[in-house]
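Each ligand, and each atom within it, is numbered from 1 in the order the structure gives. Values below: all heavy atoms of this structure, side chains included; hydrogens, waters and symmetry mates excluded.
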Amino acid sequence: MKASRLFQQDILSATQFTRSDLEDISERTLKLREMPRKKRRKLLQDIVITDLFYEPSSRTSSSFESAAKYLGGNVIAINGVEYSSVSKGETLEDTVRTFQSYSDLIVLRHKETGAAERAARVMKKPLINAGDGEGEHPTQALLDIFTITQELGDIDGLTITMVGDLKRGRTVHALAKLLSLYRVRLRFVSPRVLAMPEEIKTYLHEHRVPFEESHSLEASLSDSDVVYMTRTQRERPTGNKADDDAIQSARQFVLNRDLMKRTMKKRMIVMHPFPRNEEIALDVDADPRAAYFRQIENGLYIRMALLTMVLGTN
Ligand code: NCD
């Protein structure tokens, strides 16, 4: 297979991808999913990656670790930064400079928006942004796009409704930007205090993506092809007491079986980046339209594909 356009590139933002990149990623993901284990584990032989996580994570860090290991690579996993020397007052810049000497690539999660870009600026080796504060989560957006394609075929023509904490949820920021490569209609359902940030709405205007905002979940479901639920990001205070109080008392949108039965199309899917809190009732899990566990599994193969593309071993 020819070298990817992503070879030795950082993965920082959903805005860096073209539709042809997405097709390339999808093709490789499907190939890796079907590939016999024996063949797969030769692809990252002798490669070392560092998982550097400054914020709690289970799915993203483990899926990168698992992807690298299934491909025969090795992983330095720094998950509890508070227990490592990174907590001894070292700057992010010094830490990534250190770990690039020990490995071929760094996967970084950080609580500050823009941290991935800051780190990449001082690095020679590629960096993958695994979530920067309220900023972006580009690899989640890639697996979300892949999931929609797998589940519903074409993305063009779909109505995609994002629900919950759209202000602070980085997954919906990255996904909205990536979806601007398609002919879609977006709908944002949130309490007023947790609305989609102006910056994302401006981006969508500039890319001529039609979208609307709503404060009613029930009224937003019947024509949705994808309903993308998110949790309230309680660990990210706004720094403004009045806003935090308003968020505390804001009404939560909860999807349950009864609401699905009453309102939703037969052919549609419910997604969630996880972890889930109370926004999707457990009785939704048995519905075939609940795609979130399949979405999680897709994350593993998407990350395998990305690692092979960036490290050029496919
Ligand atoms: C998300 C994240 O970390 O942004 N989790 C994930 O990576 N799947 C979503 C969240 O924390 O709500």
**Request:** I would like to know whether T238 and D244 meet side-chain hydrogen bond (donor to acceptor under 3.5 Å, both in side chains); could you show each step before the answer?
**Result:** CA-CA 6 Å; T238 59; D244 287 340; 2.8 Å; yes
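By the 3.5 Å distance cut-off applied to N or O atoms, R59 is not counted among the residues near ligand 1. Looking at ligand 1, you won't find any N or O of T171 less than 3.5 Å from one of its N or O atoms. Geometrically, ligand 1 and P275 share no nitrogen or oxygen pair separated by less than 3.5 Å. Considering backbone and side-chain atoms together, E235 places no N or O closer than 3.5 Å to any N or O of ligand 1.
Between the side chains of S220 and T161, no donor-acceptor pair of N or O atoms lies under 3.5 Å. Judged by distance alone, the side chains of D144 and T147 never bring a donor and an acceptor atom under 3.5 Å apart. Between the side chains of E199 and H173, not a single donor N or O lies within less than 3.5 Å of an accepting N or O. Side-chain atoms of T15 and S13 include a donor-acceptor pair closer than 3.5 Å.
Of the heavy atoms in Q140, only side-chain atoms (C-beta onward) come closer than 4.0 Å to ligand 1.
Cation-pi geometry between R109 and F53 is not met at under 6.0 angstrom from the ring centre and within 45 degrees of the axis.
Each of the following atoms of ligand 1 lies closer than 4.0 Å to a heavy atom of T60: 6 (C), 7 (O). Against a heavy-atom cut-off of under 4.0 Å, H137 is close to the following atoms of ligand 1: 2 (C), 4 (O), 6 (C), 7 (O).
Here the side chains of R289 and E151 are not in contact, with every heavy-atom distance at 4.5 Å or above.
The nearest heavy-atom contact from the protein to atom 8 (N) of ligand 1 is P273 O, 2.9 Å. Scanning the protein heavy atoms around atom 11 (O) of ligand 1, the nearest turns out to be R231 NH2, 2.9 Å. For atom 3 (O) of ligand 1, the closest non-hydrogen atom of the protein is R170 NH2, 2.9 Å. Among all protein heavy atoms, the one lying closest to atom 9 (C) of ligand 1 is F274 O, 3.6 Å.
At least one heavy atom of Q233 lies less than 4.0 angstrom from ligand 1.
Between F274 and F293, the ring-plane angle classifies as perpendicular under the 30° and 60° cut-offs.
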